[in-house]
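Below is one structure; the comments refer to it alone.
When a residue number appears, it is its place in the shown sequence, counting from 1.
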Amino acid sequence: MMGFMSEPIRITAPAGVAPAAQYSHVVTATGRLVAVSGQLALDEDGRLVGPGDPAAQARQVFENLDRCLAAAGAGFEHVVKLTYFVTDMAHMPAVRAARSAHIPDDRLPASSAIQVAGLVSPDFLMEIEALAVLPDTGPTTA
């Protein structure tokens, strides 16, 4: 059975809403949903990468997202929504730079950025989760 997925439609400026420069206000697609839990700046051995360094942490988080998406047969081209949890909004330029290494500016997903008082450990500066849509290939079993 051949899978089906509509090309995601990105709407950066719905009527009556200010245009978005760093994200798409709306993304719609048809297919199989992939939800990736919030990723932290941990290497494959569970060690923190980049203590106190938002750029290093953001790069590691996006590498982890990439690996998680790949495990589900997805890539950043399938991502329709990113949610950023940061301990300081000043970290967002580092997050955007890491995102730009994986997602071109003309394919930006819908996004939310939330400043939080803290994460699971005070050493973590950010946590990022993703939603992706893959072609629907029918029932799957794990």
- Query: Can you find a side-chain donor-acceptor pair between R99 and Q22 that sits under 3.5 Å?
  - Reply: yes
- Note on the structure: Rounded to the nearest 0.5 angstrom, the OG1-CD1 distance for T28 and I11 is 7.5 Å
- So, do D105 and S100 sit near enough that their side-chain heavy atoms are less than 4.5 Å apart? yes
- Item | Backbone N/O of R47 and side chain of D45: donor-acceptor pair under 3.5 Å | no
- Here the gap from I103 atom CD1 to R96 atom CZ, rounded to the nearest 0.5 Å, amounts to 13.0 Å
- Query: Between A29 and P8, which heavy-atom pair has the shortest distance, and what is it?
  - Reply: CB-CA, 4.1 Å
- Closest non-hydrogen atom pair between G73 and L134, with its separation: O-CD2, 3.4 Å
- side-chain contact (heavy atoms from CB on, under 4.5 Å) evaluation trace for V95 with I128: CA-CA 9 Å; V95 169; I128 303 172; 4.1 Å; yes
- Between D53 and Q57, is any side-chain donor less than 3.5 angstrom from a side-chain acceptor? no
- Message: For the backbone of H91 and the side chain of D88, can you confirm whether one donor and one acceptor N or O come within less than 3.5 Å of each other?
- Response: no
- For the atom pair CE (M92) and CD (Q115), what is the distance rounded to the nearest 0.5 Å? 11.0 Å
- Here the gap from N64 atom CG to S37 atom OG, rounded to the nearest 0.5 Å, amounts to 12.0 Å
- Distance, nearest 0.5 Å, that separates CG of L40 from OG of S121: 9.0 Å
- Is there a side-chain contact between L48 and P51, using heavy atoms and a 4.5 Å cut-off? yes
- Message: I'd like to know if the side chain of R10 and the backbone of R107 have a donor-acceptor N/O pair within less than 3.5 Å.
- Response: yes
- Item | Path from L125 to V120 over hydrophobic side-chain contacts below 4.5 Å | no
- Exercise: identify the closest heavy-atom pair between E129 and V36: CB-O, 3.3 Å
- Query: Only one of T87, L42, V86 clears side-chain contact (heavy atoms from CB on, under 4.5 Å) with F124; which?
  - Reply: L42
- Query: V61 and M89: same hydrophobic cluster, using ILVMFWY side-chain contacts below 4.5 Å?
  - Reply: yes
- Message: With a 4.5 Å cut-off on side-chain heavy atoms, are T30 and V133 touching?
- Response: no
- Query: So, do H78 and F76 have ring centers that fall under 6.0 Å from each other?
  - Reply: no
- Item | Partner of K81 by side-chain contact (heavy atoms from CB on, under 4.5 Å), out of P109, S24, S111, S112 | S112
- Query: Does the side chain of L131 come within less than 4.5 Å of V79's, by heavy atoms?
  - Reply: no
- Heavy-atom pair of closest approach, residues H25 and P19: NE2-C, 4.2 Å
- Item | Closest non-hydrogen atom pair between A58 and M126, with its separation | CA-SD, 3.5 Å
- Note on the structure: Closest non-hydrogen contact found for V34 with A72 is CG1-CB, 3.7 Å
- Name the orientation class of the two ring planes belonging to H102 and F62 (parallel below 30°, tilted from 30 to 60°, perpendicular beyond 60°). parallel
- Message: One pair to check against side-chain contact (heavy atoms from CB on, under 4.5 Å): V27 and I9. What are the steps and the verdict?
- Response: CA-CA 5 Å; V27 179; I9 298 168; over 6 Å; no
